Visitor: 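The following block contains the structure, expressed as structure tokens.
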Amino acid sequence: MLLAVVCFSLAPVGAAKADSFQQAKESLAKLDLPALSGPSRTSSYLSGKYPDGAAMLERLRAFEKDLPALAKGLESGDKDMLARYSALVALRQKALLSNPLLDFEQMLVVKRRENNLALPQNWQGNSSLNPRVENEICLLPVQGPARRLKTFYKPSKDYFVGTWT
């Protein structure tokens, strides 16, 4: 079975440094909580199928109400808001990983450099891609605390790993 997963990650929060605040601000600006907690199929699915789905949905809605204050607090360097952002990251990760459709232990993912994802522009086809790409196929555990990528296959030279269709 082939599984395609798209995740929009939130920046990890470590010590309260200026760059932690900057990463949190940038990540928060891209976040679309109403898409998860608003009136939609997603929210009804969350409340009905997820373990503790109704409680998780209420927490997401509470975060949604706090987004303006959270953004303002991160802008001013408020450490309490950075901790609140960290709680949002943890809730989002829990929501993603407790999805009942994730009934497998690991995923195959393609790992590439951030500055060369080997994706064509929207008006181009895959034939426009450079076949020389530094990439590898990795295994990513879905659950557990030590979720590190493990190399499954790495080409001997920098060749594109993926489909050309």
Side-chain angles (χ1 to χ4, degrees), residues 1-37 40-42 45-46 49-51 53 56 60 63 67 70-71 74-75 77 81-165:
M1 168 170 48
L2 178 63
L3 175 69
V5 177
V6 177
C7 294
F8 298 94
S9 66
L10 292 173
V13 177
K17 297 178 183 175
D19 60 319
S20 294
F21 283 102
Q22 185 62 34
Q23 287 177 350
K25 286 187 299 187
E26 290 171 3
S27 180
L28 190 64
K30 297 175 187 173
L31 181 63
D32 186 15
L33 275 184
L36 283 177
S37 63
S40 67
R41 290 189 322 174
T42 305
Y45 184 81
L46 264 175
K49 303 282 186 190
Y50 272 66
M56 190 179 305
L60 282 169
F63 272 115
L67 281 179
L70 185 57
L74 290 173
E75 189 66 40
M81 288 297 156
L82 189 61
R84 183 95 172 116
Y85 170 79
S86 183
L88 174 58
V89 171
L91 177 63
R92 187 158 189 269
Q93 183 172 1
K94 181 180 178 181
L96 289 170
L97 294 178
S98 63
N99 186 331
L101 297 176
L102 294 179
D103 62 349
F104 44 87
E105 295 177 10
Q106 51 191 350
M107 294 185 284
L108 280 175
V109 297
V110 176
K111 177 182 165 186
R112 295 191 177 123
R113 293 195 175 276
E114 186 175 351
N115 63 352
N116 186 6
L117 294 177
L119 299 172
Q121 299 295 326
N122 64 347
W123 66 87
Q124 296 174 318
N126 285 346
S127 61
S128 65
L129 295 176
N130 182 352
R132 305 276 186 214
V133 179
E134 184 179 339
N135 54 185
E136 57 189 275
I137 298 176
C138 297
L139 293 169
L140 175 66
V142 174
Q143 303 287 344
R147 296 179 329 127
R148 303 221 183 267
L149 289 175
K150 180 180 175 186
T151 300
F152 179 76
Y153 171 75
K154 183 170 182 161
S156 58
K157 297 181 182 178
D158 289 342
Y159 290 119
F160 178 82
V161 173
T163 64
W164 287 102
T165 59

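As the structure is a prediction and not an experimental result, all values here were calculated from the model. Worth knowing before you read on, the calculation uses all heavy atoms, side chains too, and leaves out hydrogens, waters and symmetry mates.
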Visitor: If I take atom CG from residue L139 and atom CE from residue M107, how far apart are they, to the nearest 0.5 angstrom?
Guide: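 Separation between the atoms: 10.5 Å.
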Visitor: Within the side chain of N135, is there an N or O that forms a donor-acceptor pair under 3.5 Å with the backbone of Y159?
Guide: yes
Visitor: Okay, side chain of S27, backbone of A24: is any donor-acceptor separation there less than 3.5 Å?
Guide: no
Visitor: Drop me the distance from F63's CZ to L91's CG, to the nearest 0.5 angstrom.
Guide: 6.0 Å
Visitor: Mind checking the CE-CD spacing from M81 to E75? Nearest 0.5 Å is all I need.
Guide: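 Here the interatomic distance stands at 13.5 Å.
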Visitor: Using a cut-off of 6.0 Å, state whether more than 12 heavy atoms not belonging to E105 lie near its atom CD.
Guide: no
Visitor: Please check this pair: side chain of R112 against backbone of V161, looking for a donor-acceptor N/O pair closer than 3.5 Å.
Guide: yes
Visitor: Report all side-chain donor-acceptor pairs from residues 113-122 shorter than 3.5 Å, counting only partners two or more places apart or in another chain.
Guide:
{"residue": "R113", "atom": "NE", "partner": "E134", "partner atom": "OE1", "Å": "3.0"}
{"residue": "R113", "atom": "NH2", "partner": "E134", "partner atom": "OE1", "Å": "3.4"}
{"residue": "R113", "atom": "NH2", "partner": "E134", "partner atom": "OE2", "Å": "3.2"}
{"residue": "N116", "atom": "OD1", "partner": "A118", "partner atom": "N", "Å": "3.4"}

Visitor: When rounded to the nearest 0.5 angstrom, what is the spacing between NZ in K111 and CD1 in I137?
Guide: 13.0 Å
Visitor: As an exercise, state the distance from CG of L60 to CZ of R92, rounded to the nearest 0.5 Å.
Guide: 9.5 Å
Visitor: Flag the pair Y85 / K25 as yes when at least one side-chain heavy-atom distance between them is below 4.5 Å, and no otherwise.
Guide: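 Answer no - side chains too far apart.
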